Enquirer: 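So that we are looking at the same thing, I have put the structure below in structure tokens.
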Amino acid sequence: MSDDKHAAHGEPERIQPLPTEGLDRYLLHGARQVRQLLQALIDAHALVSVHLPGRESFLSALVSLSDDEASVYLDACIDEGTNRRAAQADKLMCVTQLDRIRIQFSVAGPAVVSLAGRAALQAPIPEHVLRLQRRETYRLQVPLSHAVQCTLPGPGNAGPITVRIIDIGGGGVAFHVAPGALDLEMGAELPNCLLNLPDVAPIPLTLEVRNITPQRSRSGIDTLRVGCRFAALPRGADTTLQRYILRTEREINARERGGL
């Protein structure tokens, strides 16, 4: 059910998935609510960015729910190879917008089927859907060219530790740190931190640890990905954060469109 609007040349911008740590309160779990939201996306003909494991993605749309409302049908990709890889994936991440509200969900065990004589992807209704209504919940992946860092208090009598921020939003940040470099536990507060954004004075703040995920790089180096919520911000810091995020988003979009 794909058409030329899904072709690589001139297609609308694809929406990248967001990390979901700390966003549990924005999850819709009820089966009825989930189906109603999916039907609203269908009625709005909303474009959906479908992300396969790795970096591959394509633009799609929700076509319909099955008669028993147990499955959802997505517009298949124009590339048959992509469809085969999608059908082999354990799950696909779908990201879209409805009335300027970001919607994100995953579908498990997709299968390529024929629907009204054309190819579609069929998958069970997702168990939950992330529905973000507030700008502060958006996370920006910080470009490597930006020296965004945060100074954290070291363990015990050790000196402070400086980490590079890998993503940032109005509600928090995430960073990588070596295992054992910090005393970390879920819900713990990290006071006396300093966030360094480009071209502004350091921002003093308190972080609350919300997520700790062990990761291993391609070179075999073990790290921890730590997601934190801003537990305390000085007056005016939220405006400074949003200005940085918006400015950086414009830079990235302009670069991708060949404007920089």
Side-chain angles (χ1 to χ4, degrees), residues 1-8 10-52 56-78 82 86 89 91-110 113 115-116 118-141 167-172 242 245-246 248-250 252-253 256-257:
M1 293 193 171
S2 297
D3 51 37
D4 291 342
K5 71 182 179 184
H6 294 160
E11 69 180 13
E13 184 178 354
R14 301 178 189 182
I15 309 174
Q16 296 300 314
L18 293 172
T20 57
E21 66 267 13
L23 300 181
D24 292 350
R25 64 188 181 279
Y26 298 101
L27 289 175
L28 295 179
H29 288 281
R32 181 178 178 182
Q33 287 181 302
V34 169
R35 285 195 291 266
Q36 287 177 340
L37 182 54
L38 295 179
Q39 187 61 55
L41 292 170
I42 293 168
D43 296 340
H45 305 288
L47 288 176
V48 178
S49 296
V50 180
H51 297 262
L52 285 69
E56 188 173 10
S57 66
F58 64 94
L59 278 175
S60 179
L62 298 181
V63 181
S64 67
L65 302 179
S66 61
D67 291 340
D68 61 4
E69 296 189 330
S71 299
V72 62
Y73 295 96
L74 292 115
D75 197 1
C77 183
I78 58 174
T82 299
K91 67 177 182 179
L92 304 175
M93 180 63 70
C94 301
V95 192
T96 185
Q97 290 187 4
L98 182 65
D99 298 328
R100 298 187 179 182
I101 296 172
R102 180 183 287 253
I103 310 294
Q104 181 171 307
F105 58 91
S106 62
V107 293
V113 299
L115 183 66
R118 302 182 69 175
L121 291 169
Q122 181 182 13
I125 294 290
E127 294 182 359
H128 55 257
V129 174
L130 187 67
R131 186 175 183 269
L132 298 180
Q133 301 183 63
R134 293 163 52 186
R135 176 69 188 177
E136 71 175 33
T137 62
Y138 281 68
R139 289 293 185 93
L140 168 76
Q141 185 173 343
D167 71 51
I168 188 170
Q242 292 300 339
I245 292 169
L246 290 172
T248 304
E249 284 180 338
R250 286 195 294 267
I252 293 172
N253 291 337
E256 289 179 348
R257 297 187 180 101

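The model shown is predicted, which means the values in this text are computed figures rather than measured ones. These numbers come from the heavy atoms of this one structure, side chains and all, not from hydrogens, waters or symmetry mates.
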Enquirer: Calculate, to the nearest 0.5 Å, the distance between atoms CG and SG belonging to Leu74 and Cys94 respectively.
Expert: 5.0 Å
Enquirer: Output, in order, the C-alpha distance, side-chain angles, deciding distance and verdict of side chain to side chain contact (heavy atoms under 4.5 Å, CB included) for Leu98 and Leu37.
Expert: CA-CA 9 Å; Leu98 182 65; Leu37 182 54; 4.0 Å; yes
Enquirer: Which heavy atom of Gln97 sits nearest a heavy atom of Ala46, and at what distance?
Expert: O-CB, 3.8 Å
Enquirer: Measuring from atom CG of Leu130 to atom CZ of Arg102, what distance do you get when rounded to the nearest 0.5 angstrom?
Expert: 9.0 Å
Enquirer: Please walk me through it: do His29 and Glu127 pass side chain to side chain contact (heavy atoms under 4.5 Å, CB included)?
Expert: CA-CA 6 Å; His29 288 281; Glu127 294 182 359; over 6 Å; no
Enquirer: Has Glu69 got more than 12 heavy atoms of other residues, nucleotides or ligands less than 6.0 Å from its CD?
Expert: yes
Enquirer: Does any part of the side chain of His51, heavy atoms only, come nearer than 4.5 Å to the side chain of Val95, both counted from C-beta?
Expert: yes
Enquirer: Does Asp67 have more than 12 heavy atoms from other residues, nucleotides or ligands lying within 6.0 Å of its CG?
Expert: no
Enquirer: Please tell me if the side chains of Leu38 and Pro126 come closer than 4.5 Å, counting only heavy atoms from C-beta onward.
Expert: yes
Enquirer: Testing the basics here: between Gly109 and Pro124, what is the closest heavy-atom pair and its distance to 0.1 Å?
Expert: O-CD, 4.4 Å
Enquirer: Taking all non-hydrogen atoms of both residues, which atom of Phe105 and which atom of His128 are closest, and how far apart?
Expert: CB-O, 3.8 Å
Enquirer: Compare every heavy atom of Arg131 with every heavy atom of Leu28, then report the nearest pair and how far apart it is.
Expert: CD1-CD, 4.1 Å
Enquirer: Can you tell me how far the CD1 atom of Ile101 sits from the OG1 atom of Thr96, to the nearest 0.5 Å?
Expert: 11.5 Å
Enquirer: Could you tell me whether the side chain of Ser49 reaches within less than 4.5 Å of the side chain of Leu59, counting heavy atoms only?
Expert: yes
Enquirer: In Å, rounded to the nearest 0.5 Å, how long is the span from CG of Leu65 to OG of Ser71?
Expert: 9.0 Å
Enquirer: Report yes if some heavy atom in the side chain of Cys77 is under 4.5 Å from a heavy atom in the side chain of Val50; otherwise report no.
Expert: no
Enquirer: Taking the side chain as everything from C-beta on, heavy atoms only, tell me whether Asp167 gets closer than 4.5 Å to Leu140.
Expert: no
Enquirer: Tell me if the CD atom of Gln36 is crowded by more than 12 foreign heavy atoms within 6.0 Å.
Expert: yes
Enquirer: What are the two closest heavy atoms between Val107 and Ala123, and how far apart are they?
Expert: CB-CB, 3.6 Å
Enquirer: Test side chain to side chain contact (heavy atoms under 4.5 Å, CB included) on Val129 and Leu27; report intermediate values, then the result.
Expert: CA-CA 5 Å; Val129 174; Leu27 289 175; over 6 Å; no
Enquirer: Start with the C-alpha gap between Leu47 and Ser60, add the side-chain angles, then the distance that decides, and say whether side chain to side chain contact (heavy atoms under 4.5 Å, CB included) holds.
Expert: CA-CA 6 Å; Leu47 288 176; Ser60 179; over 6 Å; no
Enquirer: Would you give the length of the straight line joining atom CZ of Phe58 to atom CG of Leu121, rounded to the nearest 0.5 angstrom?
Expert: 5.0 Å
Enquirer: Distance from Ile125 atom CD1 to Arg35 atom CZ, nearest 0.5 Å?
Expert: 7.0 Å
Enquirer: Would you say that Ile245 contacts Glu249 through its side chain, given a criterion of any heavy-atom pair below 4.5 Å between the two side chains?
Expert: yes
Enquirer: Does any non-hydrogen side-chain atom of Glu56 lie less than 4.5 Å from one of Thr82?
Expert: yes
